[in-house]
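All values below come from the heavy atoms of this structure, side chains included, with hydrogens, waters and symmetry mates left out.
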Amino acid sequence: MRAAARILVRDGYEALTTNRVALEAGASVGSLYQYFSSKQQLVSALLEDHIDRTMRQVRDEMPHLSLLPVESAVPRFVELMIASHRVDPELHRVFVEQLPRIGDFAKIEASLNEGLVLAEAYFRAHAADIKPQNHALSAFMLVHSVESLTHAAVLNKPELLATPEFVRELSALILGYLQ
């Protein structure tokens, strides 16, 4: 899988073949086919692994985050989302650019839905501290705003992912909506 990731980042989706992955990994194509029957299955497994690694940070932090007031929780959530996009950002960029070709929207949708459930539960627990009372809509606005702007940074301005200013501005945007 690491060999496939290197090829995807270095040469792109079109250049990825099972033969090239086997060569890059120093393995036989037959060995590769024991685990992955096609290029699409290999990329799908890479995507699933990438999502699991990026979501692990958010999952691990949520119990602590749920105890924080809105003014502290939102910037921390934004930091977590940005940090999750810094996990192998070049591979993340390839996934964002190539997702229509990969076609594995179910895994992406599942991770977004997990974020929506976590955000909605937070909003319900802190309903007295936020202005919008449609918690499902508020969760949708928060998760998709942060996800969209972070993906825009991954694709167009990756240097923003390392700046405190990006966290501050995105947090201000969300807090302005919530309060």
Side-chain angles (χ1 to χ4, degrees), residues 1-2 4-10 13 42-126 130 135-178:
M1 285 180 52
R2 286 191 301 271
R6 285 192 302 270
I7 293 168
L8 274 173
V9 169
R10 183 183 63 228
Y13 183 78
L42 177 58
V43 173
S44 181
L46 268 174
L47 177 62
E48 186 170 344
D49 178 67
H50 184 74
I51 290 169
D52 286 344
R53 287 187 296 141
T54 59
M55 285 301 293
R56 190 173 306 126
Q57 294 172 328
V58 176
R59 284 184 204 115
D60 290 348
E61 186 73 19
M62 278 313 288
H64 172 69
L65 196 65
S66 66
L67 302 174
L68 296 176
V70 175
E71 296 80 13
S72 301
V74 167
R76 183 64 189 133
F77 177 79
V78 169
E79 287 172 353
L80 284 169
M81 292 296 291
I82 291 170
S84 76
H85 286 79
R86 284 194 302 255
V87 173
D88 209 344
E90 287 300 311
L91 184 59
H92 195 98
R93 179 189 51 76
V94 170
F95 286 137
V96 170
E97 291 173 345
Q98 297 298 326
L99 191 60
R101 288 183 175 169
I102 297 166
D104 205 345
F105 295 100
K107 289 178 178 71
I108 299 290
E109 194 66 29
S111 79
L112 285 173
N113 284 337
E114 183 179 353
L116 291 171
V117 167
L118 294 170
E120 185 174 352
Y122 177 86
F123 291 146
R124 287 191 190 289
H126 296 270
I130 61 173
H135 301 118
L137 178 58
S138 297
F140 181 87
M141 298 293 287
L142 170 74
V143 169
H144 286 283
S145 295
V146 173
E147 185 73 8
S148 295
L149 289 167
T150 305
H151 275 172
V154 166
L155 291 173
N156 303 309
K157 291 196 169 276
E159 66 277 6
L160 287 177
L161 297 176
T163 66
E165 185 178 22
F166 188 59
V167 172
R168 275 194 317 272
E169 293 300 317
L170 189 45
S171 297
L173 180 73
I174 299 298
L175 286 169
Y177 164 72
L178 292 174

For residues [X] and [Y], report the shortest heavy-atom separation together with the two atoms involved.
{"X": "L112", "Y": "V143", "result": "CD2-CG1, 4.0 Å"}
{"X": "L46", "Y": "A5", "result": "CD1-N, 3.8 Å"}
{"X": "V146", "Y": "T150", "result": "O-OG1, 2.6 Å"}
{"X": "E71", "Y": "L175", "result": "CA-CD2, 4.1 Å"}
{"X": "Y177", "Y": "M141", "result": "OH-CG, 3.6 Å"}
{"X": "F166", "Y": "I82", "result": "CD2-CD1, 3.3 Å"}

Hey, what do you get for [atom1] ([X]) to [atom2] ([Y]), rounding to the nearest 0.5 Å?
{"X": "H50", "Y": "L91", "atom1": "NE2", "atom2": "CG", "value": "5.5 Å"}
{"X": "I51", "Y": "E114", "atom1": "CD1", "atom2": "CD", "value": "10.5 Å"}
{"X": "L142", "Y": "H135", "atom1": "CG", "atom2": "NE2", "value": "12.5 Å"}
{"X": "E79", "Y": "L170", "atom1": "CD", "atom2": "CG", "value": "11.0 Å"}
{"X": "F140", "Y": "E120", "atom1": "CZ", "atom2": "CD", "value": "12.5 Å"}
{"X": "L116", "Y": "L137", "atom1": "CG", "atom2": "CG", "value": "10.5 Å"}

Q.
Applying the side-chain contact (heavy atoms from CB on, under 4.5 Å) criterion to I174, which one of P75, S138, S145 satisfies it?
A. S145

Q) Under 3.5 Å, is there a donor-acceptor pair between the side chain of Q57 and the main chain of S84? A) yes

Q. Is the backbone of S66 close enough, under 3.5 Å, to the side chain of H126 for a donor and an acceptor to pair up by distance?
A. yes

Q. Are R56 and D52 ion-paired here, with the side-chain N under 4.0 Å from a carboxylate O?
A. no

Q | Residue pair L65, Y122: steps toward the side-chain contact (heavy atoms from CB on, under 4.5 Å) verdict | A | CA-CA 9 Å; L65 196 65; Y122 177 86; 5.5 Å; no

Q.
Around atom CD of E165, are there more than 12 heavy atoms from other residues, nucleotides or ligands closer than 6.0 Å?
A. no

